[in-house]
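The block underneath contains the structure these notes are about, expressed in structure tokens.
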Amino acid sequence: MKNIIKDLIRKSLYKINKDKSILIENIEVNLCKDKKFGDFSSNIAMKYSNQYKTNPKDLAKEIIKGIEKNENIVKVEIAGPGFINFFVSKGSQFSVITQILNEKNLFGKNEIGANLNVLIEFVSANPTGPLHVGHGRGAAYGDCLSNLFKESGYNVSKEYYVNDAGKQIDILTLSVLQRYHQLIDESINLDYEDLYKGDYVWDIAAEVHRNNNTKFFIKDLNNLYNSDLDTYILNVKNNLSQEKFKKIKSTSVDFILDNIKKTLNISGVDFDSWFSESTLVTNNDLKDIINYLNKNNFTYEKDKALWFKSMDLGDEKDRVLVKENKDHTYLSTDIAYHNNKIKRKFDHVINIWGADHHGYIPRINGAFNIFSKGKSKLTILLVQFANLYRGKDKVSMSTRSGEFVTLEQLLKEVGKDATRFFYLARKADQHMDFDIELAKSNNSNNPVYYVQYAHARICSIFKQSKENNMDFKFNKKFLELLAEEEELNIVKKLSYYPEVIKKSALRYEPHLLTNYMKELAQEIHSYYNKSQILVEDEELRNARLSLIEACRYVFLNSSKIIGISMPEKM
RNA sequence: GCGCCUGUAGCUCAUUUGGAUAGAGCAUCGGAUUUCUAAUCCGAGGGUAGUAGGUUCGAAUCCUACCAGGCGCGCCA
């Protein structure tokens, strides 16, 4: 309908002045909030009155004069400072019900991403501990975005980048070794700063011990200690042997990854691929990009380290790729990783990061452009951390100290549906406060129940209709009988649905969809309280059933995208 | 100090990328079930959109300055 109106305006404008014709993309038509302004309105006259050297109202009059007759449009009028308001015929409004009942699960799909491959990388938490509530937000966001892209026709691959190389993992390994030693000999006291202290470290140590007994025991572990962590790690590696250290390392990483996968599974998030950082080192991808950068003058040596000239690419300073001790930095493998993404020929590469990584964007963007040469587009989306509260007390979150609420705990306390909906109900780049007490103590406060209840009510009506031999029969002609204000509101809302999907996908904003669901639910609850659906009049009854059946499909389709269940009974 | 993000009702957030009278939920107060589920509905109160300027037909939205908060500024990841 919107497009029909846009086209009518375009044609009218063309009549007025052929030379200055305006592209259809520049014509805005919006749904009206207030029905006294009609169904759709356009601001075109106000926007372009300057260009046409006239005032908005006169231009609006001219445009209206030139608008062709159309069976769907009942009335066109000027209002306010120059809005052109369109009143649409009932029949054309109700056609969306027929459309939904025909398309069913396909209603809302669009093709803006047809033939485009998109890679969306998210969560990618270091395998040094369980996922916490911050990761949960990124997980829900990335997963929902993927669904929105799929609904919009893209080929989507979801990937988790596993940082299984580097210093943090060595520190984890060391932490496990310490606990392992303490398990064997309680008199050993090895509580050093900078090591991971969560209970899960004990669990890993116990598993190592169960499977290997004292195989990894170092008698004088205490003597290997050095306040410089790198030295300490090196000492342990040399004493234990590189191979044994690696064994503990992979056991630890596997243990934690299993736990992460389990938690994601509970969240309803699954990945198409798990990309291991260490493979970039073993398969020469890392060497290749460093050679390439060297050859093409993107690097230099200083203080025995190799530097990346990221300043030339918009970063605030240059960054180290290879450290003085010849270890590679996280950045260097990350560049190799992004080059790998480009080699896999994705049209669009999307990264979802925690907002604390925002300073990292310029250097990755710069590197990405070097390798993609315009063939692939990179978008980095930031997710703000969720501040967790227990009542009024802010819960401090530190992976190191082990004092944090895990995502698994949150899911257990609040439930998958509520957790996902809550995470997605606000803009990703907005800070959010999550009060566990509130979420726990009063479930009805949670909007997800409100939406689910609306759906359950619809299902209940259909159940009732069958029990009373009032089986639903669809007939397009009956729709004309819908005349209640609530019915018209709902129909309008339904026609807006495909646009919400498009908009949420293009703007990376799933909260638009959760908002929409809340609004539709609200319309339905109002309607339900005001009007009886299962009335004696068979035609009116079926018209009303058609309407709520259409709503039911929209709830089903949208809940699938958000990743929550839609129970038929509550 | 520099950079990025944010500031909307007592609280948590929206506001369809610049539109018409800034809206919901929670909380407070008052109403609604002999009728499809009261996890619901209807109504009331509650606002200098951080502050001050600017841009234009029109600003919560864009620009500038200031104020407040968050994050970042490693040869950590």
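Note on A/Ala355: only backbone sugar-phosphate atoms sit closer than 4.0 angstrom, heavy atoms only; bases stay farther off. Among the atoms of the strands shown, none is found under 4.0 Å from any heavy atom of A/Asp170. Among the protein residues, A/Lys36 comes within range of the nucleic acid bases, having at least one heavy atom under 4.0 Å from a base atom. Contacts of A/Gln452 with the nucleic acid, taken as non-hydrogen atoms under 4.0 Å apart, are absent. In this structure, A/Ala456 reaches the bases: a heavy-atom distance under 4.0 Å links it to at least one base atom across the strands shown. Across all strands, A/Asn163 comes closer than 4.0 Å only to sugar-phosphate atoms, never to a base (heavy-atom distances). Here A/Asp303 lies in heavy-atom contact (under 4.0 Å) with a base. Across all strands shown, A/Ser531 has heavy atoms under 4.0 Å from base atoms, whether or not it also approaches the sugar-phosphate. Across all strands shown, A/Leu512 has heavy atoms under 4.0 Å from sugar-phosphate atoms exclusively, and none from any base. Residue-level contact check: A/Pro56 touches neither bases nor backbone, having no heavy atom under 4.0 Å from any strand.
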Dot-bracket, RNA chain B: Watson-Crick or G-U, under 3.5 angstrom, [ ] crossing, | other strand? (((((((..((((.....[...)))).(((((.......))))).....(((((..]....))))))))))))....

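Nucleotides B/rU21 and B/rU34 have their C1' atoms positioned 41 Å apart, rounded to a whole Å. For the C1' atoms, the distance from B/rA22 to B/rA65 is 26 Å, rounded to whole Å. Separation of the C1' atoms belonging to B/rG7 and B/rC11 is 15 Å when rounded to the nearest angstrom. Using P as the reference atom, B/rC71 and B/rU28 are 33 Å apart when rounded to the nearest Å. Between B/rG25 and B/rC41, the two C1' atoms lie 15 Å apart (nearest whole Å). Distance noted for atom P between B/rA24 and B/rG43: 9 Å (whole Å). Between B/rU6 and B/rU61, the distance separating the two C1' atoms is 14 Å to the nearest Å. For the C1' atoms, the distance from B/rA49 to B/rA68 is 15 Å, rounded to whole Å.
With salt bridges taken as basic N to acidic carboxylate O contacts below 4.0 Å, none links A/Glu499 and A/Lys502. Salt-bridge check for A/Asp164 with A/Lys249: failed, with every basic side-chain N at 4.0 Å or more from each acidic carboxylate O.
Closest approach to the A/Asp356 side chain among B/rC71, B/rC57, B/rC36 is made by B/rC71 (side chain taken as heavy atoms from C-beta onward). Considering only the side chain of A/Asn126, B/rA77 comes nearest among B/rU15, B/rA39, B/rA77. Which of B/rC36, B/rC73, B/rG70 sits closest to the side chain of A/Glu316 comes down to B/rC73. Here the nucleotide nearest the side chain of A/Arg426, chosen from B/rC75, B/rC42, B/rU12, is B/rU12. When distances are taken from the side chain of A/Glu324 to each of B/rC76, B/rC75, B/rU15, the shortest belongs to B/rC75. Here the side chain of A/Ser526 is nearest to one of B/rC41, B/rU6, B/rC75, namely B/rC41. Ranking B/rC42, B/rA77, B/rU40 by closeness to the A/Tyr450 side chain, first place goes to B/rU40. The side chain of A/His431 lies closest to B/rG69 when the candidates are B/rG69, B/rU17, B/rC13.
As rounded to whole Å, 14 Å separates atom P of B/rC42 from atom OH of A/Tyr528. For the pair A/Lys518 NZ and B/rG25 C1', the interatomic distance rounds to 7 Å; values are reported in whole Å. One atom, NZ of A/Lys304, and another, P of B/rC75, lie 16 Å apart when rounded to the nearest Å. The CD-P distance, from A/Gln430 to B/rA60, rounds to 18 Å in whole Å. Put simply, CE on A/Met432 is 20 Å from P on B/rG25, counting in whole angstrom units. The distance between atom OH of A/Tyr449 and atom P of B/rG25, rounded to the nearest whole Å, is 19 Å. Per the geometry, NZ belonging to A/Lys427 stands 11 Å off C1' belonging to B/rA60, to the nearest Å. Rounded to whole Å, atom P of B/rG72 lies 18 Å from atom CD1 of A/Ile364.
One finds no side-chain N or O of A/Tyr360 lying less than 4.0 angstrom from the OP1 or OP2 phosphate oxygen of B/rG3. Dashed line: the shortest gap from a side-chain N or O of A/Ser41 to OP1 or OP2 of B/rG19 is not under 4.0 Å. A/His511 has a side-chain polar atom (N or O) that falls below the 4.0 Å cut-off from OP1 or OP2 of B/rU15. For A/Lys317 and B/rG74, the shortest distance from a side-chain N or O to OP1 or OP2 is below 4.0 Å. Remark: A/Arg457 is in phosphate contact with B/rA38, judged by side-chain N or O atoms under 4.0 Å from OP1 or OP2. Residue A/Gln522 places none of its side-chain N or O atoms closer than 4.0 Å to OP1 or OP2 of B/rC41.
Between the side chain of A/Ser175 and the backbone N or O of A/Ile171, at least one donor-acceptor pair lies under 3.5 Å. Remark: the backbone N or O of A/Lys473 is paired with a side-chain donor or acceptor of A/Asn542 at under 3.5 angstrom. Under the 3.5 Å distance criterion, the side-chain polar atoms of A/Asp303 are left unmatched by any main-chain donor or acceptor of A/Ala305. One N or O on the side chain of A/Asn468 and one on the backbone of A/Gln464 form a donor-acceptor pair closer than 3.5 Å. Side-chain atoms of A/Asn259 do not come within 3.5 Å of backbone N or O of A/Pro130 as any donor-acceptor pair. Remark: side-chain polar atoms of A/Thr329 are paired, donor with acceptor, to backbone N or O of A/Val320 under 3.5 angstrom.
You'll find a donor-acceptor pair under 3.5 Å spanning the side chain of A/His358 and the base of B/rG3, going by distance alone. No donor-acceptor contact under 3.5 Å links the side chain of A/His525 to the base of B/rC41.
For the side chain to side chain donor-acceptor pair (under 3.5 Å) test, no residue two or more places apart in sequence or in another chain qualifies with A/Ser531. Partners of A/Glu485 under the side-chain contact (heavy atoms from CB on, under 4.5 Å) rule, at least two apart in sequence or in another chain, are A/Lys35, A/Asn489.
Under the stacking definition used here (centres under 5.5 Å, planes under 30°), the residue A/Phe83 qualifies as stacked on the base of B/rA20.
Ring-plane geometry between A/Tyr360 and A/His357 is classed as perpendicular, the angle between the planes exceeding 60 degrees on a 0 to 90 degree scale with a lower cut at 30. Between A/His455 and A/Phe555, the ring planes are perpendicular. Angles over 60° get that label, and only those under 30° would be called parallel.
In B/rU8 the O4'-C1'-N dihedral to the base is more than 90° from 0, which defines an anti nucleotide. In this structure B/rU12 sits in the anti conformation; its chi angle is more than 90° from 0.
Nearer the 5' end of RNA chain B, as judged by each residue's closest nucleotide, is the contact made by A/Ala79, out of A/Ala79 and A/Gln532. Comparing A/Gly359 and A/Phe37 by the nucleotide of RNA chain B that holds the closest heavy atom to each, the one mapping nearer the 5' end is A/Phe37.
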